Structures are given as C-alpha cells and as structure tokens.
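Here is the structure we will look at, set down as structure tokens.
Because the structure is predicted, anything quoted here is derived from the model rather than measured.
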Amino acid sequence: MKNTSRYPMRRVVVAGALLVAFVAVFVVKLVEIQVVRADEYNAEAEQVRSVENTVYGARGDIVDANGTVLAGSVMRYEVTISPAQAQAGEADDPGQLARGAADLGAALGIPSEQITGQVATALAADPDDNWELVAKQVDIATYDKITALDIPWVYTDPHPGRTYPNGAVAGNLIGFLQQDNGEPQAGLELAQNQCLAGVDGTTTALHSLEDWVDIPGTERTIKQAEPGGTLKLTIDADLQWEVQRILAARIDEVGAEWGMVTVMDAKTGKLLAVADVPTVDPNDPAAVAEDDRGSRAFTDPFEPGSTFKALTAASAIDAGKADPTSEVIAPYRKIFGDADINDSAYHDDLPLTLTGVLIESSNTGMSQFGELVSDEQRYQDMVDFGLGSPSEVGFPAEASGDLNGGPDWPDDQTRYATMFGQGLTTTAVQIASVYQTLANHGVRMPVQLVEGCEHADGTVTEKPDTTPREVVSAKAADETTAMLERVYLEGWLADEWNIPGYRVAAKTGTAQVPDGEGGYRHEYLVSVSGYAPADDPQFVVSVSIFDAVKMNSSAASAPVFRDVMSQVLKKYRTVPSGAPAPELPASW
C-alpha cells in the first residue's frame with residue numbers, strides 16, 4: 001500500500017501562503033525603494049557618484065579712457081595628481097610613474113624627483129590619496145603640453161588668473177591681486193573690487209567610481225556664473241606711459257629718491273595721467289619695495305611750499321583785500337606777533353606788488369597779504385579748494401592732508417606759515433585740484449579717476465560726481481592766472497620751462513617733508529604746478545620730486561613740467577595762444 005499524505009491540500013495551501021508572504025515582503029520593499037523613499041535613495045546614490053564643479057565668474061577688465069585693457073582675466077590651470085592611480089598604474093606597467101613624472105616635470109620646469117617624492121609622501125600618509133596639488137597658475141601653453149602627455153593620473157583644473165598687458169603702465173593706480181588666492185591687495189583692484197569681482201557658478205556631474213571621470217551628458221547647472229564689470233578709467237594709457245618715461249629719466253638724472261606727476265583736465269577734473277616713480281608692475285609686485293607699490297600722489301601728504309601761494313593770493317583777491325597791483329614792502333625777515341618769518345635767501349627790502357610777491361616767492365610779502373583775510377575765511381577757502389579731506393576718487397589709503405587745527409591754528413608761527421604753504425600738508429592730487437579750480441575760473445570740479453563700471457547687462461554704476469562748485473570768483477581766479485603768467489615769464493626758471501607758442505601759468509615750490517614724528521626730514525620736495533594755455537586753460541600739470549641730490553631746487557622739476565605739458569598739448573592738438581600775456585607790474 002502506497003504511503004501518501006493524508007493532508008495534501010493543506011501543504012499546498014501553506015506553501016502557497018508562504019510564497020505569497022515572501023513575495024509580498026519583496027513587493028513592499030520594492031515599493032518603499034522605488035516609490036516611497038525613491039528621492040532619498042536617489043539623492044544618496046548621486047552623492048556617491050556625483051561631483052560638484054565650480055564655474056568661475058571672470059573678473060572684469062580695467063580699461064583706459066580709450067578702451068585699452070590695463071588689467072584682464074586669463075584662464076590659468078591648477079595641475080593635480082592622483083597618487084593612488086599612479087601606484088595602481090605602476091602595478092600594470094612598471095616604470096610608468098617615473099616616465100610620467102619626467103614628462104610632467106619637463107612641462108612644468110620642475111625636477112621629476114619632486115613629483116615622485118610627492119607621490120611617495122602622499123601614499124605613506126594615505127594609500128587611497130586621490131588628490132595632490134603640483135602647480136598653480138599654469139598658462140595655456142603649458143596646459144597644452146600637459147594634456148598632450150595624456151598621463152592618466154594627472155589632472156588640470158581651470159582657474160582664472162590676472163594679466164596686466166601693459167606691465168608697469170599705471171601699475172601704481174591699477175594695483176594687483178594676491179597670487180595665491182586672487183584676493184585684491186592694492187589700487188583700483190582693491191577699491192573697485194565690488195565692480196570687478198565675478199560671481200562663481202556651480203555645476204554637478206556624475207562620475208565613474210573607478211577613475212573619477214565625469215560621465216558625458218550628466219552635467220547640471222546649479223548656479224549660473226556671472227562675470228565682473230568693466231571698470232573704465234579717465235586716464236590715457238599712451239599719455240601715462242609717456243609721463244612715466246619722462247619722470248623716470250629725470251629722477252635718474254638728478255639722483256632723486258622718488259617723484260610724481262599729475263595731469264588733469266582743467267574743465268572736468270578728470271585725471272589723464274598719474275605717474276609715480278618708482279612704480280610697480282602688477283605682474284610682479286614683489287620686484288619693487290613695498291613703499292613703491294601704491295600711488296604717493298594719493299597717499300603721501302607733504303607741505304606744498306610756495307605752490308600754495310597761488311591759493312592765498314586768490315583768497316585775498318576774492319575777499320576784496322587785494323588785487324595784482326596791491327603794494328607791500330617785503331623785507332628778508334619780518335615779525336608778525338609771535339611769528340618770525342623770513343624769505344629763502346637774504347635781500348634788501350623790496351617794494352613789491354602782489355604779482356611781484358608771487359614772482360619773487362616772498363614769504364614775508366605773502367604773509368602781509370594773507371593776514372588781510374580772516375582766519376575763518378582763509379580756512380574755509382582751503383576746505384572749498386578740496387584740502388583737508390580725501391579727494392572724490394577714494395583711492396585706497398588716500399590721505400586727507402592736515403590743515404593743522406585751522407582756523408584756530410595753535411600759534412602765530414603756524415598761522416602765518418600756512419599762508420605760504422608750510423605748517424600744513426596736502427597730497428599731489430589735492431594741489432592739482434587747487435590749480436584746476438584756478439584754471440577753471442574759480443569753479444572746482446570733483447576729481448575723477450573712474451568713469452564708471454559697466455556690467456554684463458549694459459548697466460553702468462560707480463558713476464562719478466560731476467557737480468561743479470564755485471570756490472572763488474571768476475575775477476579772483478582769472479587775476480591769479482594773470483599773475484602766474486608773469487611768474488612763468490619773469491621767474492628764475494623762465495628759460496627752463498619755456499613752451500613756445502603757448503601762454504602758461506605756473507608756480508614753483510620747495511618744501512620740507514614731515515618725518516611722521518613731529519619733525520622734518522633733511523631732504524626737500526621740489527615742485528612745479530601750472531596750467532596751459534593760460535588764455536583758455538585746458539590742462540593742469542603738477543610735478544613733485546623728492547630729494548634730488550644733484551639739483552635740490554625746483555629746477556629739478558621744471559623740465560618735467562615743460563616736457564609733460566608739451567606732450568599733453570601736442571597729444572590733444574591744443575590750439576596755440578593767440579595773444580600775449582597781460583602786463584602786470586612786479587614792483588612800485
């Protein structure tokens with residue numbers, strides 16, 4: 001008799017139930033994975049396989065008034081290696097690490113031992129090390145050499161760099177970036193970083209887990225990169241180069257420590273050139289001393305000396321206290337209260353007009369005219385001329401100068417000294433602005449170095465203030481101009497700064513430089529400031545040279561003034577003067 005189960009159907013039912021339950025578990029899990037928690041698992045999987053890449057927003061260009069690029073962005077590359085991949089490749093192809101290191105080293109100009117040593121050190125610390133930096137800021141030519149080598153464990157990552165195609169031209173103004181991290185360090189690169197800085201974007205892509213290579217077609221843009229704006233300056237690069245050349249030659253000729261030249265449009269206040277010598281090449285800022293990496297024309301205040309007398313003369317005329325023919329007796333030495341004032345060289349008493357005081361550059365004579373104006377009014381005129389505060393440019397570390405407590409000057413000596421440019425400090429840009437105001441018939445224009453910042457969408461920001469302000473009357477300014485013309489024609493430098501065909505208004509100055517500790521350095525700063533054509537002023541040129549050991553007088557600066565002004569008048573095709581300068585008596 002066959003031995004069979006007495007309950008076959010029960011077994012079938014149980015087996016079926018178990019099978020259904022087993023399948024149900026898998027179905028539920030499958031639904032959980034593919035439906036309920038699909039987004040979570042997909043995100044976790046993508047985190048394992050995806051890589052986030054930075055898309056750099058290019059830094060904006062800095063251009064001159066004509067669009068010449070003074071600072072621009074270029075693509076540079078970081079070269080990295082995967083020590084783990086290099087070691088794995090060595091197992092399949094012994095000697096490939098040494099060959100690859102030799103080829104890579106030759107392309108980068110570094111010893112191959114440096115690369116093999118870096119691989120060994122990295123693997124000793126972490127056998128799975130996949131990233132080590134070999135070189136930064138590699139140019140495109142080198143990048144092409146490296147990619148042509150096709151070394152599987154070598155990678156190149158794009159990273160924007162900065163280039164200055166005109167080298168040291170306007171380097172004092174442009175500034176530079178920190179090479180390691182690209183952070184702005186000086187000049188307009190720093191002051192206008194908000195305009196120039198691009199906004200980085202982000203992309204993601206899936207990559208192979210084996211060799212970490214991005215899988216084509218998987219890239220997604222998370223955040224769009226945005227380029228920086230274009231910063232347009234008022235300066236002319238060609239003129240800037242010529243002014244720097246002229247100044248550098250004279251600095252060398254007279255053995256000076258440094259010098260600066262400012263060229264300004266007399267009607268607009270725009271800076272056409274601001275030269276400092278020595279100056280910096282932003283491509284290699286470390287090549288010059290730290291003190292020479294900025295612009296002294298903005299940052300280094302000094303006592304202006306006799307170039308300041310033009311301001312005092314204009315104040316006296318504007319106050320109705322004098323005119324070009326007003327008379328004084330100017331002795332070599334004169335006591336004013338507690339002030340003991342003397343001229344630079346001994347002379348007998350001189351019967352001088354205000355014009356003659358400027359021609360002779362007499363401190364005792366100018367003090368007599370200066371005291372006719374109240375301290376409050378004279379101080380207010382200084383402020384209105386732009387002294388005592390930084391210019392509208394807002395250059396990094398720009399100095400305000402020091403009016404030394406005016407109008408309540410601490411003593412008579414200071415009070416009278418400020419009438420002829422001592423006992424107070426200004427910057428070269430401020431003095432240029434004073435002469436711009438006189439040249440523009442008493443109307444001061446805000447100092448401009450930046451025209452604006454043009455963004456990718458065409459909008460323009462950083463537009464400068466162009467609001468004019470009358471500082472002294474046109475009569476006072478024009479009569480001061482007429483007197484400065486006589487200085488140019490009859491002063492002791494008449495033969496040194498002559499510019500044929502043009503009427504010129506100019507004044508010299510010799511001043512001491514504060515030592516920062518309440519005293520003075522032994523060296524002198526010699527200056528010339530003026531404008532032309534005096535009958536219709538177009539351009540202001542101001543020159544200052546420090547410690548001209550071979551010629552420590554304004555004769556050191558006069559040829560620079562002459563040559564720079566001649567170049568400016570020629571460049572802008574300025575019409576020569578059509579009538580002679582007015583005759584004014586110097587004495588009585």
For the residue pair [Y] / [X], report whether a side-chain donor-acceptor contact shorter than 3.5 Å exists.
X: Q185; Y: E189; answer: no
X: D402; Y: N404; answer: no
X: N130; Y: S82; answer: yes
X: K507; Y: S361; answer: yes
X: Q96; Y: W153; answer: yes
X: S295; Y: D276; answer: yes
X: S73; Y: R162; answer: yes

- Query: Any chance the rings of Y572 and F539 have centres within less than 6.0 Å?
  - Reply: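 Between Y572 and F539, the centre distance is under 6.0 Å.
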
Tell me, yes or no, whether the heavy-atom count around [X] atom [atom1], taken from other residues, nucleotides or ligands under 6.0 Å, exceeds 12.
X: Y524; atom1: OH; answer: no
X: Q194; atom1: CD; answer: no
X: K571; atom1: NZ; answer: yes

- With sequence neighbours left out, which residue pairs that include part of residues 127-148 fulfil the salt bridge (charged side-chain N to carboxylate O under 4.0 Å, His left out) condition?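 Sorted pair list comes back empty.
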
- Task: Quick one: which residue pairs count as a salt bridge (charged side-chain N to carboxylate O under 4.0 Å, His left out) with a foot in residues 448-460, not counting sequence neighbours?
- Result: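 Residue pairs with at least one partner in residues 448-460: K270-E451.
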
- Can you check side-chain hydrogen bond (donor to acceptor under 3.5 Å, both in side chains) on R444 and S433, steps first, answer last? CA-CA 7 Å; R444 182 180 183 273; S433 183; 3.0 Å; yes

- Task: Return the orientation label for the F546 and W258 ring planes: parallel under 30°, perpendicular over 60°, tilted otherwise.
- Result: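 Rings of F546 and W258: parallel, under 30°.
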
- So, does E303 use its side chain to make a donor-acceptor pair with the main chain of Q422 at under 3.5 Å?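 Such a contact is absent between E303 side chain and Q422 backbone.
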
- Query: So V69 and I62, side-chain contact (heavy atoms from CB on, under 4.5 Å) or not? Walk me through it.
  - Reply: CA-CA 6 Å; V69 176; I62 301 177; over 6 Å; no

- Query: Hey, mind stepping through F308 and F420 against ring pair (Phe, Tyr, Trp, His ring centres under 6.0 Å) and telling me if it holds?
  - Reply: CA-CA 6 Å; F308 192 85; F420 48 85; 9.5 Å; no

- Using the side-chain contact (heavy atoms from CB on, under 4.5 Å) rule, take L272 and D236 through it: C-alpha gap first, then chi angles, then the decisive distance, then the call. CA-CA 6 Å; L272 306 179; D236 182 286; 5.6 Å; no

- Message: Strictly below 4.0 Å, N to O, side chains only: are E242 and K570 in salt-bridge contact?
- Response: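 Looking at E242 and K570, the cut-off is not met.
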
- Salt-bridge present (R469, D384; N to O < 4.0 Å):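 Salt bridge between R469 and D384, a charged N being under 4.0 Å from a carboxylate O: yes.
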
